[in-house]
Every structure is written in structure tokens, then in C-alpha cells.
Amino acid sequence: MQLTRIPATDFDLATTLDSGQVFHWEKVDGGFVGAIGEQAVYVEQDGEVLKIRDGEARALPRIVANYFALDHSLAEICASFPNDPAMNAARKFCRGLRVIRQPKWECLATFICSSMKQVAHIRQISRKLRERFGETRQIDPPSSRLRRGKASQTIDTFIVYTFPSAERIAQSSEKELRKCALGYRAKNLLVTARVVASGDVDLEKLGTLSNVDLRARLCELPGVGAKVANCVMLFAYERLSAFPIDVWIERILREKYFPRARKLNAKRLQAFTQKYFGDHGGYAQQYLFHHARTTKRKRKGRSFVTILGVR
DNA sequence: TCCCAGGTGTCGC
DNA sequence: GCGACACATGGG
């Protein structure tokens with residue numbers, strides 16, 4: 001069996017999957033396995049080519065290219081970022097990072113679970129929800145990686161879990177959901193799942209709304225505030241100007257853009273980011289976020305001098 | 001042991 | 001309208 005090859009210029013798969021947009025891709029050998037909607041996928045990067053494998057779907061190359069937003073004009077988007085030191089450093093550091101197109105319910109549900117959680121915890125929650133409520137899919141490993149001389153042994157098969165539907169979550173209970181390490185978020189996820197499953201809110205139809213209206217509708221859902229709504233708008237509705245402000249971004253804004261401001265509330269920060277970062281603000285935000293998070297230094301209890309090994 | 005995490009909802013002023 | 005606080009859980 002051959003891996004299907006699709007062109008992918010201006011793209012960094014590992015950076016994109018590690019940038020806090022999605023939380024379920026698992027690293028294996030030279031690539032990653034995960035689900036794109038209902039479809040299980042193995043994908044690895046070889047320069048400007050993605051090599052992919054699935055079960056049988058012929059539409060897979062298009063599904064993968066669409067998911068990773070390979071059609072986004074990344075050069076133009078990055079060129080539209082503001083020209084300042086923090087932004088320039090992030091742009092350089094995050095080369096090839098793309099804002100991907102996620103299934104709406106999966107994105108909404110995952111980010112409801114994300115509040116006050118570290119990325120590692122969100123990954124745990126995503127995995128537990130998938131394992132407990134999702135459906136299994138299998139992918140045969142790429143032939144190039146079959147172990148020679150072990151033909152009699154069972155060949156490893158990648159098991160992938162799809163994200164459970166709103167209907168499936170809605171049938172669950174708060175108690176069951178809490179077993180997935182959701183804590184107080186369990187009730188928010190359950191109620192939102194029921195609203196979506198009942199059809200009272202049609203996530204696909206919301207896609208026709210303006211940014212302002214879409215954000216307002218999302219914020220009506222329990223567990224969804226300005227930050228989560230902006231994440232869902234950016235990662236699932238392709239509203240590339242949506243600018244989520246979490247603790248990381250707020251820290252960056254205060255340190256790099258308002259170093260001596262005293263009164264900075266959420267409203268003022270949001271107004272600034274919309275104007276300053278513009279139409280591709282969501283991309284800029286993602287670059288700033290990933291750069292800060294992956295170059296962080298431990299600040300607690302140890303001085304920088306200690307970290308550098310100098311006494 | 002303590003601090004922190006891709007926040008939200010509620011309450012008192 | 002704004003600030004303070006509670007809310008679960010696990011890694012560092």
C-alpha cells in the first residue's frame with residue numbers, strides 16, 4: 001500500500017498540530033494519527049509534501065487539504081501582520097503554522113472543556129471523551145514501517161477515536177462526563193450538547209451570520225464566553241479576524257503593547273486587538289500564542305540567573 | 001505544598 | 001458597568 005502524496009507548501013505540520021488549536025493528534029513514528037471528523041488519518045510531512053493514509057475514502061486528499069487550510073495564502077496573511085518586535089519574532093518562529101478548519105461541534109465542545117486548563121489537560125480530556133463516547137476507526141500503518149522478520153506477529157494498527165457527536169454527549173450524564181476529568185465544565189458541556197442535539201441551535205446555520213451575531217449566539221451557550229466564542233469562530237468558522245484573549249495573550253499584550261498602562265480591562269484590550277491586528281488578527285494571535293507558550297521560561301521560584309546556571 | 005492553566009458565571013457595589 | 005470570587009483537576 002502506498003501513501004498518498006499531496007503538495008503542501010508553506011506548511012509545518014508539527015507546529016500546526018502543536019499550537020493549541022487541536023488536541024487529539026498523536027505522534028507516531030514519523031507522523032501523526034488522528035481523526036478529521038469521522039475519518040481516521042495518518043499523515044506525515046516530507047518537505048513540501050504531505051503523505052497520508054486512511055481506510056478507504058477517496059476524498060481523503062481533499063479532506064486533508066481542506067482541514068489544514070492549505071489553500072490559505074500564508075505569505076499574504078503573514079505579510080499583513082503588524083510590524084513590531086513581538087509580532088516579527090512570532091512570525092519568524094512559527095513559520096508554516098496554519099489556522100486549520102475544524103468540525104464545528106468538536107471545536108465548540110473541546111473549547112468549552114478548555115477553560116482554566118493547560119493544553120496537556122485539554123488533550124487528556126479530549127482523549128477520554130473520545131475513548132468513552134466516540135467511535136473507533138482503524139488505520140493500517142504505512143507499509144514502509146512494517147517490521148521485517150516479524151510477519152507472524154500481529155502488525156500494529158493505529159486505533160483512532162472520533163469525537164463524540166452532540167447527540168451522544170447529550171445522552172450522557174453530568175456524572176459520566178465528570179469521569180473524563182471535566183470537573184465543573186461537565187454541566188456546561190452537557191447542556192450545550194443538548195441544545196445542539198435538540199436542534200435549537202444549528203451550528204451549521206450559524207455560519208451565515210455576521211461576526212457580531214455569530215459571537216453573540218455562541219455566547220448564549222453555557223460555558224461559552226468571549227474567549228471560547230472567539231476560538232470557535234477562528235478555528236471552526238474561519239473568521240480569521242477573531243482574536244481570542246487568554247492568559248497568555250493578555251500577558252503578551254500587557255508586556256509588549258501596554259508596558260506602562262494601568263487601567264486595562266478586557267473591553268479595552270479587545271478593542272485594541274481588533275483594530276491593531278486587523279483582518280487576520282486570529283492568525284497573528286495564534287502566532288503570538290504559540291511563540292510565547294513554546295519559548296516560555298520557568299519563572300516561579302527560580303531567577304533567570306539560576307536557570308542559566310550562573311550563581 | 002503551592003501555583004497555574006487557551007475562562008465563565010454570579011454577586012455586590 | 002466593573003472588580004472579586006468560586007469553580008475541578010492535574011502537571012510542574
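Keep in mind that this is a model prediction, so the values were computed, not measured. Note: hydrogens, waters and symmetry copies are ignored here, and every other heavy atom, side chains too, is used. Letters A, B, ... are given to chains in the order of the sequence lines, protein chains preceding strands, and every chain is numbered from 1.
In this structure, the side chains of A/Pro222 and A/Lys187 stay at 4.5 Å or more apart for every pair of heavy atoms. Taking 4.5 Å as the limit, some side-chain heavy atom of A/Ser172 sits within range of a side-chain heavy atom of A/Phe133.
Shown here is A/Asp279, whose CG atom has no more than 12 heavy atoms of other residues, nucleotides or ligands within 6.0 Å. Remark: A/Arg95 CZ is loosely packed, at most 12 non-hydrogen atoms of other residues, nucleotides or ligands lying under 6.0 Å away.
Among the protein residues, A/Gly223 comes within range of the sugar-phosphate backbone only, with heavy atoms under 4.0 Å from sugar or phosphate atoms but none that close to a base. Looking at heavy-atom distances under 4.0 Å, A/Ala186 makes no contact with the nucleic acid at all. Within the 4.0 angstrom heavy-atom criterion, base atoms lie near A/Ile249. Using a 4.0 Å heavy-atom cutoff across all strands shown, A/Thr110 reaches no nucleic acid atom at all. Among the atoms of the strands shown, none is found under 4.0 Å from any heavy atom of A/Asn188. Among the atoms of the strands shown, none is found under 4.0 Å from any heavy atom of A/Glu250.
Taking atom NZ on A/Lys296 and atom C1' on B/dC3, their separation rounds to 13 Å, with Å as the unit. What separates CG of A/Asn265 from P of C/dA4 is a distance of 12 Å, to the nearest Å. Taking atom CG of residue A/Leu264 and atom P of nucleotide C/dC2, one finds them 13 Å apart after rounding to whole Å. Regarding A/Gln270, its CD atom lies at a distance of 14 Å from the P atom of C/dC2, rounded to whole Å. A/Ile245 has its CD1 atom 16 Å from the P atom of B/dA5, to the nearest Å. A/His121 places its NE2 atom 14 Å from the P atom of B/dC4, with the value rounded to the nearest Å. Atom-to-atom, CG of A/Leu269 to C1' of C/dC2 comes out at 14 Å; the value is rounded to the nearest Å. Rounded to a whole Å, the NZ atom of A/Lys187 is 14 Å from the P atom of C/dC7.
For A/Gln124 and C/dG11, the shortest distance from a side-chain N or O to OP1 or OP2 is below 4.0 Å. An OP1 or OP2 oxygen of C/dA8 is reached within less than 4.0 angstrom by a side-chain nitrogen or oxygen of A/Arg178. Between A/Arg251 and B/dA5 there is a side-chain polar atom (N or O) within less than 4.0 angstrom of OP1 or OP2.
A/His290 and A/Gln21 form no side-chain donor-acceptor contact under 3.5 Å, judged by distance and modelled atom types alone.
Separation of the P atoms belonging to C/dG10 and B/dG9 is 23 Å when rounded to the nearest angstrom.
For A/Gln118, taking side-chain heavy atoms from C-beta onward, the closest of the listed nucleotides C/dC7, B/dC4, C/dC2 is B/dC4. Picking from B/dA5, C/dG3, C/dT9 the nucleotide with the shortest atom distance to the side chain of A/Lys117 gives C/dT9.
Residue A/Tyr184 places no side-chain atom within donor-acceptor reach of the base of B/dG9, judged by atom type and a 3.5 Å distance cut-off alone. In the interface, the side chain of A/Lys227 is not paired with the base of B/dT8 through any donor and acceptor atom under 3.5 Å apart.
Map A/Glu174 and A/Ala120 each onto its nearest nucleotide of DNA chain C; the residue landing nearer the 5' end is A/Glu174. Projected onto DNA chain B by closest heavy-atom contact, A/Cys219 and A/Phe235 fall at different nucleotides, the more 5' of which corresponds to A/Phe235. Projected onto DNA chain B by closest heavy-atom contact, A/Cys231 and A/Val224 fall at different nucleotides, the more 5' of which corresponds to A/Cys231.
Taking the six-membered ring for Trp and the full ring otherwise, the centers of A/Phe289 and A/Phe243 sit at least 6.0 Å from each other.
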